[in-house]
Amino acid sequence: MIIANNINKRFGKLQVLNNVSVTCNKGECIALIGPNGSGKTTFIKSILGMVVCDSGFITFNGKNILHDWEYRGQIGYMPQLAKFPDNMTIGQVFSMMKDLRKANDGRQDEELIQQFELDKILDKRVRTLSGGTRQKLSASLAFLFNPAVLILDEPTAGLDPLSAEILKQKILAEKVNNKLIIISSHVLSELDELVSHVVYMQDGKLCFRKSIEDLKADTGQEKLSKAIANLMMKKQIG
């Protein structure tokens with residue numbers, strides 16, 4: 001579904017993406033992980049067309065994204081820090097996004113809106129919202145248009161335990177629906193039950209792409225955090 005082919009990106013003297021090639025398939029739930037500064041956010045922004053690569057290319061369903069901007073209508077994106085106009089209400093934000101996406105009401109997925117009880121506070125202005133409620137709004141918008149691809153950057157950051165569990169169950173449900181889901185997170189313990197594959201980046205390079213089963217078999221570890229630590233230690237020693 002999404003294929004990155006030898007993509008490179010430099011900001012000044014800093015090589016942020018270094019010859020990254022990776023394939024992301026329908027039905028996979030991929031953990032995109034790595035230390036700070038590893039290139040994860042730039043890679044996500046490259047998929048979204050927010051960053052144009054210096055070389056290489058990315059395809060979405062076989063089409064180069066440089067020549068087919070409409071593909072973004074098939075992606076639901078939840079940024080790490082979502083920003084909305086402070087003076088708008090929650091209801092106005094939803095209405096604005098529906099207008100922008102020219103959405104068909106019959107195809108919208110409002111399950112998270114109801115589970116997070118945002119439908120009860122539609123008249124609240126964004127400037128009055130807590131960080132956790134802003135996260136709920138951002139998550140609800142990512143899923144609202146029933147996209148084929150979900151890209152979630154630190155999705156549970158700032159959420160209370162119940163809300164985090166609601167979101168994780170929603171992710172699992174969409175995984176069963178054969179959607180491609182890419183999750184970037186530093187909280188690896190929350191990814192154990194969600195992801196089917198791991199893409200690990202460091203210093204702008206792709207270190208590995210493995211299924212959870214292969215990762216566990218290679219390291220003898222059941223927990224994702226321990227498996228990755230084990231594998232990276234082996235690479236350093238090697």
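We count residues from 1, following the sequence as given.
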Q) Should Leu144 and Met88 be regarded as members of a common hydrophobic cluster, given that ILVMFWY residues are connected when their side-chain heavy atoms come within less than 4.5 Å of each other, either directly or indirectly? A) yes

Q | From CG (Leu172) to CG (Asn177), nearest 0.5 Å | A | 11.0 Å

(Q) Using the side chain to side chain contact (heavy atoms under 4.5 Å, CB included) definition, which of the options Ile182, Val51, Val16, Val20 pairs with Phe43? (A) Val20

Q: With Lys170 as reference, evaluate Glu165, Glu111, Gln115 under the side-chain hydrogen bond (donor to acceptor under 3.5 Å, both in side chains) test and give the passing residue.
A: Glu111

Q.
Under a 3.5 Å distance rule, please check whether Thr133 uses its side chain to pair with a backbone N or O of Leu129 as donor and acceptor.
A. no

Q) Does atom NZ of Lys124 have more than 12 heavy-atom neighbours, drawn from other residues, nucleotides or ligands, at distances under 6.0 Å? A) no

Q) Does the pair Lys9/Asp54 count as a salt bridge with the N-to-O cut at 4.0 Å? A) yes

Q) Side chains of Lys179 and Asn146: do they bring a donor and an acceptor to under 3.5 Å? A) yes

Q. Leu206 and Ile212: same hydrophobic cluster, using ILVMFWY side-chain contacts below 4.5 Å?
A. no

**Q.** Check: Asn64/Thr59 side-chain N/O donor and acceptor closer than 3.5 Å
**A.** no

Q: List the atom of Ile7, the atom of Cys53, and the distance in Å for their closest heavy-atom pair.
A: CB-SG, 3.8 Å

Q: May I ask you to decide if the ring planes of Tyr200 and Phe208 are parallel, tilted or perpendicular, using 30° and 60° as cut-offs?
A: parallel

Q. Would Ile151 end up clustered with Ile171 when hydrophobic side chains under 4.5 Å apart are linked, directly or stepwise?
A. no

Q: Starting at CD of Glu28, measure out to CG of Asn178 and round the result to the nearest 0.5 Å.
A: 10.0 Å

**Q.** Verdict with supporting geometry, Glu190 and Thr156, side chain to side chain donor-acceptor pair (under 3.5 Å)
**A.** CA-CA 9 Å; Glu190 293 190 343; Thr156 60; 2.3 Å; yes

Q) With the 4.5 Å side-chain cut-off for hydrophobic clustering, are Leu194 and Leu152 part of the same group? A) yes

(Q) Taking Asp86 first and then Arg125, would you say they form a salt bridge - that is, a charged N and a carboxylate O separated by under 4.0 Å? (A) no

**Q.** Asn18-Gln15 side chain donor-acceptor pair, cut-off 3.5 Å
**A.** no

**Q.** Heavy-atom closest pair, residues Lys40 and Leu32
**A.** CD-O, 3.6 Å

**Q.** Salt bridge Glu70-Lys63, side-chain N to carboxylate O under 4.0 Å
**A.** no

Q. To the nearest 0.5 Å, what is the distance between CD1 (Ile166) and CD (Gln114)?
A. 11.5 Å

(Q) To the closest 0.5 Å, what do you measure between CG (Leu215) and CG (Leu231)? (A) 6.0 Å

Q: State, with a plain yes or no, whether a side-chain heavy atom of Phe145 is found less than 4.5 Å away from one of Lys98.
A: yes

Q) Does atom NZ of Lys216 have more than 12 heavy-atom neighbours from other groups under 6.0 Å away? A) yes

Q) Mind checking whether Pro85 and Val126 have side chains closer than 4.5 Å, heavy atoms only? A) no

Q. Any donor-acceptor pair under 3.5 Å linking the side chain of Ser140 with the backbone of Lys136?
A. yes

Q. Between Gln202 and Ser38, is any side-chain donor less than 3.5 angstrom from a side-chain acceptor?
A. no

Q.
What I'd like to find out is whether the side chain of Thr89 reaches to under 4.5 Å of the side chain of Leu122, using heavy atoms alone.
A. no

Q. Are any non-hydrogen side-chain atoms of Phe60 and Ile75 less than 4.5 angstrom apart?
A. yes

Q.
Would a single hydrophobic cluster contain both Val22 and Leu191, if residues Ile, Leu, Val, Met, Phe, Trp and Tyr are joined by side-chain heavy-atom contacts under 4.5 Å?
A. no

Q.
Could you go through His186 and Ile33, starting from their C-alpha distance and side-chain angles, then the distance that decides it, and tell me whether this counts as side-chain contact (heavy atoms from CB on, under 4.5 Å)?
A. CA-CA 7 Å; His186 287 101; Ile33 56 180; over 6 Å; no

Q. How far apart are the closest heavy atoms of Phe116 and Ala139, and which atoms are they?
A. CE1-CB, 4.2 Å

Q) To the nearest 0.5 Å, how far apart are CG in Leu17 and OG in Ser46? A) 5.0 Å

Q) Do Lys26 and Val149 have side chains that get closer than 4.5 Å, going by heavy atoms? A) no

(Q) I'd like to check Ile58 versus Ile3 (side-chain heavy atoms, cut-off strictly below 4.5 Å). Are they in contact? (A) no

Q: Could you tell me whether the side chain of Ser95 and the main chain of Gly91 form a donor-acceptor pair under 3.5 Å?
A: yes

Q. Going by atom types only, do His197 and Asn25 share a side-chain donor-acceptor pair under 3.5 Å?
A. no

Q. Does Val187 reach the side chain of Ser189, with side-chain heavy atoms less than 4.5 Å apart?
A. yes

Q: Look up atom CG in Leu188 and atom NZ in Lys223, then write down how far apart they are to the nearest 0.5 Å.
A: 11.5 Å

(Q) For Asn87 versus Gln92, what's the shortest heavy-atom pair and its separation? (A) O-OE1, 4.2 Å

(Q) Would you say that Leu150 contacts Pro147 through its side chain, given a criterion of any heavy-atom pair below 4.5 Å between the two side chains? (A) yes

Q. Within a reach of under 6.0 Å around NZ of Lys168, are more than 12 heavy atoms found that belong to other residues, nucleotides or ligands?
A. yes

Q: Of all the heavy-atom pairs spanning Glu154 and Gln135, show the shortest one and how long it is.
A: O-NE2, 3.5 Å

Q: Give the C-alpha distance, both sets of side-chain angles, the deciding distance and a yes or no for side-chain contact (heavy atoms from CB on, under 4.5 Å) between Ile2 and Asn61.
A: CA-CA 6 Å; Ile2 296 176; Asn61 286 340; over 6 Å; no

Q) Under 3.5 Å, is there a donor-acceptor pair between the Asn6 and Ser21 side chains? A) yes

Q: Please check if the side chain of Arg134 supplies one atom and the backbone of Leu137 the other of a donor-acceptor pair under 3.5 Å.
A: no

